[in-house]
Amino acid sequence: MKMELFQQKQTVKLILDAGELLLSAGAEINRVEDTIKRMTKAYGFMKTDVFCITSNIIVTVQTKENEIFTQTRRVAERTVNMCMIENVNALSRSLETSLISLSELEKIIMGISEKRKTGFAKTILAYLLIAGALSVFFGGSFRDGFAAMICSMVLYAAGKMGESLKIQPMVRLLLSTIVMCMSAFFMVSIGIGQSTHAIIIGNIMLLIPGVYLVSALRDMIAGDIMSGLLGICDALLRSASIAMGCALVIMWMGGAA
Amino acid sequence: MNESLIRVLMASLGSLGFALLCHVEGKKLLAATFGGALNCGFYLLMIRAYDSAVLACFFTALLISTLAEVMARVWKTPVITLLVPMLVSLIPGGNLYYSMLYLMQNNMEKFRVYSEQLVWQAGAIAFGILLVTSLTQTILKLLKYQKKKQ
């Protein structure tokens with residue numbers, strides 16, 4: 001009997017792992033809640049109450065033996081990984097038709113979460129594409145596009161360095177914006193780029209929290225007002241620290257007449 | 001015309017980049033690229049027709065979110081996977097930057113113009129997305145209701 005309860009707790013733990021993966025990959029709140037509900041239902045729990053905000057998941061389940069327990073999970077940082085959302089979503093839907101054993105479930109979840117690390121070349125390519133293409137899009141010349149590509153590499157390196165030093169996300173954003181703007185001014189002063197504005201805008205587009213904003217809006221429509229507000233607040237703070245970083249460098253370089 | 005072509009091309013490349021950054025995979029990458037081109041092309045058309053960036057943003061957001069909602073249902077994938085990469089060139093990043101720049105330069109007249117544009121355009125995009133999302137949910141609920149009745 002005791003073993004049974006232990007197993008059930010392990011099940012909820014694994015389901016929370018899946019929920020954490022979803023939340024940290026930037027999924028909408030009601031998707032996280034729905035997925036957890038679907039999975040607990042598949043594993044035979046009578047009643048499930050899930051409350052999820054952008055940084056925390058709380059699950060209370062009621063077993064068939066009328067045992068009730070709660071688990072919470074803190075999710076520290078959110079990134080964007082659509083592939084992971086899709087994989088967890090597919091997993092939860094496949095559970096509805098055929099149930100798998102706990103060890104198998106654990107293996108699959110581990111497999112999905114390990115995928116997070118890969119894709120270095122892809123990220124580099126994405127940075128180059130976005131910075132280059134969008135700085136031309138916002139009125140730069142092709143030379144500006146090239147300079148923006150170099151700056152985006154500086155930006156990437158700065159971001160990675162901040163990450164490995166475990167600097168707070170907001171501060172990291174501010175610092176990497178400052179480094180990026182300085183390299184944009186440098187590119188123009190050595191004659192590779194022509195317009196600092198175009199180069200900086202192309203790189204700002206890399207940092208702008210578009211995904212957060214859109215998913216926050218969708219959260220609000222789905223009824224998760226609190227998460228929506230948190231998301232919008234986060235996006236605004238991020239934009240503010242980007243603007244502040246640019247402003248500091250421009251002031252320093254004498255761009256402010 | 002040539003300039004518009006370059007803009008459309010660059011927007012689609014930017015969308016592709018954003019899709020890569022968000023770890024989108026497979027055929028959805030291609031969809032994001034074409035969606036980005038469509039986004040920018042439609043925006044340029046609208047701005048020629050209505051002569052207002054705000055209206056153009058609104059209509060483009062309507063079109064692109066409808067496209068994203070439909071495609072996401074067809075491919076059984078989260079809507080934001082497609083929506084955000086496609087919409088990326090619509091984000092008023094330029095306005096954000098220039099309003100900050102003119103504020104720094106104490107050029108209040110230009111700051112007012114750009115920041116007003118920023119707020120209106122961001123609002124128009126958000127309104128477009130919200131409208132389509134809530135309409136789709138209503139339509140889906142209606143379809144479910146119809147199925148239950150039969």
Side-chain angles (χ1 to χ4, degrees), chain A residues 25-28 31 79-86 89-90 93 115-116 118-119 122-123 125-139 142 145 197-198 200-202 204-208 210-211 213-215 217-218 220-222 239 242-244 246-247 250-251 255-257, chain B residues 3 6-26 28 36 40 65 75-85 87-107 122 125-127 129-134 136-137:
Chain A
E28 303 107 310
R31 180 178 302 281
T79 51
V80 182
N81 190 336
M82 300 299 177
C83 182
M84 198 137 85
I85 300 177
E86 242 167 70
N89 197 31
R93 282 188 197 279
K115 268 195 187 164
R116 192 198 316 234
T118 57
K122 258 189 198 172
T123 315
L125 182 64
Y127 266 66
L128 291 175
L129 268 176
I130 296 172
L134 290 180
S135 77
V136 177
F137 180 83
F138 282 107
F142 283 105
H197 302 323
I200 292 176
I201 294 172
I204 281 181
M205 295 301 282
L206 270 169
L207 302 168
I208 270 184
V211 181
L213 206 57
V214 174
S215 73
L217 285 174
R218 293 176 56 86
M220 291 250 233
I221 278 292
S239 313
I242 295 169
M244 215 146 61
C246 289
I250 290 169
M251 207 153 53
Chain B
E3 202 179 310
I6 288 179
R7 281 192 73 165
V8 171
L9 197 68
M10 287 302 145
S12 66
L13 280 182
S15 290
L16 174 64
F18 225 77
L20 276 174
L21 193 67
C22 298
H23 299 260
V24 176
E25 279 182 356
K28 279 154 262 164
C40 181
S65 356
W75 284 337
K76 296 207 165 41
T77 173
V79 177
I80 38 173
T81 318
L82 295 166
L83 181 58
V84 177
L87 269 180
V88 74
S89 62
L90 208 58
I91 296 173
N95 284 332
L96 175 67
Y97 177 77
Y98 283 117
S99 49
M100 186 272 305
L101 183 71
Y102 289 124
L103 181 65
M104 297 279 310
Q105 293 177 345
N106 211 7
N107 190 340
I125 296 169
F127 186 54
I129 295 173
L130 291 185
L131 203 63
V132 173
T133 311
S134 35
T136 332
Q137 278 183 9

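Proteins come first, then strands; the chains are lettered A, B, ... in the order of their sequence lines, and each starts at number 1. Predicted, not measured: the structure shown is a model, and the values here were computed from it. Below, each value reflects all heavy atoms present in this structure, side chains not excepted, and no hydrogens, waters or symmetry copies.
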Handout entry: Atom of A:Ser215, atom of A:Glu28 and distance for their closest heavy-atom approach
Key = CB-CG, 4.3 Å
Handout entry: Shortest non-hydrogen contact from A:Phe138 toward B:Ile91
Key = CZ-O, 3.8 Å
Handout entry: Distance in Å, B:Ile125 CD1 paired with B:Leu90 CG, rounded so as to fall on 0.5 Å steps
Key = 4.0 Å
Handout entry: Value rounded to 0.5 Å, distance of OG1 in A:Thr123 from CG in A:Leu125
Key =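 The CG atom of A:Leu125 is 9.5 Å from OG1 of A:Thr123, to the nearest 0.5 Å.
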Checking heavy atoms, do the side chain of [X], its backbone, both or neither come under 4.5 Å from chain A?
X	value
B:Tyr102	neither
B:Leu103	neither
B:Leu13	both

Practice task
Among the options B:Ile80, B:Leu96, B:Thr133, pick out the one with the most heavy-atom pairs lying under 4.5 Å from chain A.
Solution key: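 That would be B:Ile80.
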Exercise for the section: Answer with side chain, backbone, both or neither: which region of A:Leu217 has an atom nearer than 4.5 Å to a non-hydrogen atom of chain B? Expected result: both
Practice task
Go through the atoms of A:Leu213 and report whether side chain, backbone, both or neither lie under 4.5 Å from a heavy atom of chain B.
Solution key: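 Nothing of A:Leu213, per the 4.5 Å heavy-atom cut-off to chain B.
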Handout entry: Side-chain heavy atoms of B:Cys22 within contact of B:Thr81, under 4.5 Å
Key =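 SC-SC contact between B:Cys22 and B:Thr81 ruled out.
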Exercise for the section: Sort out for me which of A:Arg31, A:His197, A:Met244 touches chain B most, counting heavy-atom pairs under 4.5 Å. Expected result: A:His197
Practice task
Heavy atoms only, distances under 4.5 angstrom: which of A:Met84, A:Arg218, A:Arg93 has the most pairs with chain B? Name it, please.
Solution key: A:Arg218
Problem - Heavy-atom donor-acceptor pair, B:Ser12 side chain to B:Gly36 backbone, under 3.5 Å - result: no
